[in-house]
Amino acid sequence: MDQNTQYEPRAGSGALFCLGHPSHALRPGEVICSVCGALAAHTTLGIYEVRKLLGTGRSGHAYQAIHQRSGQPVAIKLFPAYTANPELWEAARREVRVTTALRHNSILSVFSCSTWSSEQLDGGSGAHFERSSSGSTNLYLLTLCQYIPGALRHFVAYLQNSENQQAIYQQGGSPRALVMHVLQQIGSALTAAHARGLAHGALVPGNILFSSYERVWVADFGLARLQPPPAPYLAPELYMAAQASQQGNAQAYWNAVSAASDQYMFAALCQQLLPQTLPAQEYEPLLPILSRALHPKPERRYPSLQLLIQDMVTLTSRPVQMPVSQQFKQPQIAGTRLAATPSGISSSSFDRGSGRRNSAPLTPLPAFPSGPLTPALPATPITPAMPLTPADWEKRGDKLFTMREYDEALKAYHRAIEINAGKASIWLALGDTYFALERYKEALMAYEQAMHINPNDPQIWLNRGTVLDALGRHQEALDCYDRADQLRSS
Ligand SMILES: Nc1ncnc2c1ncn2[C@@H]1O[C@H](COP(=O)(O)OP(=O)(O)OP(=O)(O)O)[C@@H](O)[C@H]1O
């Protein structure tokens, strides 16, 4: 049984439970637990139903939720108001948009980033959620992104297993090549962001996610810098800003992070990862490279992360001669059971010492594939064998949207509209997809079409407001939010 199910209320039991660990009963009507701050099980946010707590980070909780129509899982994060100020949240939203627009293979983009208040829960229909009236004490920054099942600890556990190591060799690879492949993806994501003048700000293990052992994602661009990370990831030049942030000046840390501090955090991550996954003969030659990147003075580090990675790649491409008997002495980690399957491995140093609570049980990764590279998500065929109804096309579009296949989602929604142009929800979904693609003018047209069909849906007004904001038409956006508020209260 999934460990987490014991914390969920039984369907139809009528009792309200929070998703915190250990779970406990909530008072009637309570959406956010007043004791531990976790959401109530089965809370619905827009079209998503919250299913379980994934973990608790530096500034909030992460949950798995299900898109109610397509059944696709997504990850939802809630940052409570005390974690940042509204100006920083606005800056985070802008940065989320810029990193999403990079469309980098290893940057986990955020579908939606908005403010939300638990007082205004009434289940809207779209993907942008509700804005709360300013000054609410129950205000949260809510983000929604693709659910990625694997964590860094799963990757470590996988490589620590001797049967898996043998399988990798049999497939013509090597654990060293796999580790470097993963590090290169992380480095490439950071380099792409740095080229746009954006720093990540907290490259901690919780922000490294895996959709297969070869496919890695860096999460929380634009959000990670809202709070400083713990040691050993915090670069020395950030100490004072981190202190200021802890005393309530979150802006200080936001402003202080840089490409050089990301380089430090990346090297700190390598320093943790390499000894756990490779034998000493393979990782020790990399230590001088890492010490340069970990230099207390940023100007003494590599000029860029790209150069650091290049040096690592050059060094690791040299063959290392080892007798077979010496290969992969597994580090002994107290309490760790090395199992044949990754889901059986329960801890590594990535679970400890970071000052964070990772309370959710491990999520098993899909079986290691037999081929070389596994795509993040299977492509969904867009042309079905049987003619589809508009509802089928809409559902297909929803599924593709959740999988970030926005171009394919557009095609599906357009097919739905060709058959039935009179349904507001399809136009709304089309607008959301154009919005995700940053095609704001087309998004606006789609929302206006939806509004023409159903002028009294507050969600449509909210989403129209969001796109007007993105187009710089802020006054019109405010009018839309006001109208949405009026419709809600009427
Ligand atoms: N998109 C996601 N898909 C699946 N699991 C996720 C996703 N995002 C986060 N998680 C899981 O939820 C946990 C908590 O995430 P959260 O972002 O709140 O904190 P963190 O990344 O661990 O730490 P930090 O607050 O320092 O970023 C993560 O450790 C990770 O295991």
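First listed ligand is number 1; within each ligand, the first listed atom is number 1. One-based numbering along the sequence shown.
For ligand 1, none of its N or O atoms has an N or O atom of H61 under 3.5 Å away. In terms of polar-atom proximity, D220 is counted as a contact of ligand 1, with an N or O under 3.5 Å from an N or O of the ligand. Backbone and side-chain nitrogen or oxygen atoms of S59 are examined, and none is located within less than 3.5 angstrom of a nitrogen or oxygen of ligand 1. Between G206 and ligand 1, a contact under 3.5 Å exists for at least one N or O pair. When only interatomic distances are considered, the shortest N/O to N/O separation between I148 and ligand 1 falls below 3.5 Å. An N or O contact shorter than 3.5 Å links R58 to ligand 1 by distance. Considering backbone and side-chain N/O of K77, one or more are found under 3.5 Å from N/O of ligand 1. Between G57 and ligand 1, at least one N/O pair is under 3.5 Å apart.
Residues H194 and D262 bring a donor and an acceptor atom of their side chains to less than 3.5 Å of each other. Defined by atom type and a distance below 3.5 Å, a donor-acceptor pair is present between the side-chain atoms of R27 and S34.
Under a 4.0 Å N-O distance rule, the pair K77/D220 qualifies as a salt bridge. Comment: K297 does not engage E237 in a salt bridge, judged by the lack of any side-chain N to carboxylate O separation of less than 4.0 angstrom. With respect to the salt-bridge test (charged N to carboxylate O, under 4.0 angstrom), the residues K411 and E405 do not qualify. Using a cut-off of 4.0 Å between Lys/Arg side-chain N and Asp/Glu carboxylate O, R396 and E408 are scored as not salt-bridged.
Aromatic ring pairs are classed by plane angle as parallel below 30°, tilted from 30° to 60° and perpendicular above 60°; the pair Y48 and H67 is perpendicular.
If you look at F435 and Y440, their ring centroids are closer than 6.0 Å.
For the pair R301 and Y264, the tightest heavy-atom approach, listed with the atom from each and the gap, is NH2-CD1, 3.7 Å. Scanning both residues, L78 and W116, for their nearest heavy atoms gives CD2-CE3, 3.9 Å.
If you look at A75 next to ligand 1, the close heavy atoms, those under 4.0 Å, all belong to the side chain. Residue-level proximity to ligand 1 for Q227 is absent, since no heavy atom of it falls below 4.0 angstrom. The backbone and the side chain of N207 each have at least one atom closer than 4.0 Å to an atom of ligand 1 (non-hydrogen atoms only).
Here is the list of ligand 1 atoms found below 4.0 Å of a heavy atom in G60: 18 (O). Shown in contact with A62 at under 4.0 Å from a heavy atom are these atoms of ligand 1, numbered in order with element: 12 (O), 14 (C), 15 (O), 18 (O). For ligand 1 and L108, the ligand atoms under 4.0 Å from any heavy atom of the residue are 1 (N). Listed by number with element, the atoms of ligand 1 under 4.0 angstrom from any heavy atom of Y147 are 3 (N), 4 (C). Ligand-side atoms of ligand 1 in range of G55: 12 (O), 13 (C), 14 (C), range being under 4.0 angstrom from any heavy atom. Distances below 4.0 Å separate heavy atoms of Q146 from the following atoms of ligand 1: 1 (N), 2 (C), 3 (N).
Heavy atoms of L223 come nearer than 4.0 angstrom to ligand 1 in no pair at all. The closest approach between a heavy atom of C145 and any atom of ligand 1 is below 4.0 Å. The closest approach between Q64 and ligand 1 stays at or above 4.0 Å for every heavy atom of the residue. Ligand 1 lies nowhere less than 4.0 angstrom from a heavy atom belonging to A219.
Around atom CD of Q306, no more than 12 heavy atoms belonging to other residues, nucleotides or ligands sit under 6.0 Å away.
With sequence neighbours left out, the side chain to side chain donor-acceptor pair (under 3.5 Å) criterion links H104 to S188.
Remark: R93 fails to qualify as a cation-pi partner of W89 under the 6.0 Å distance and 45° angle criteria applied to the six-membered ring.
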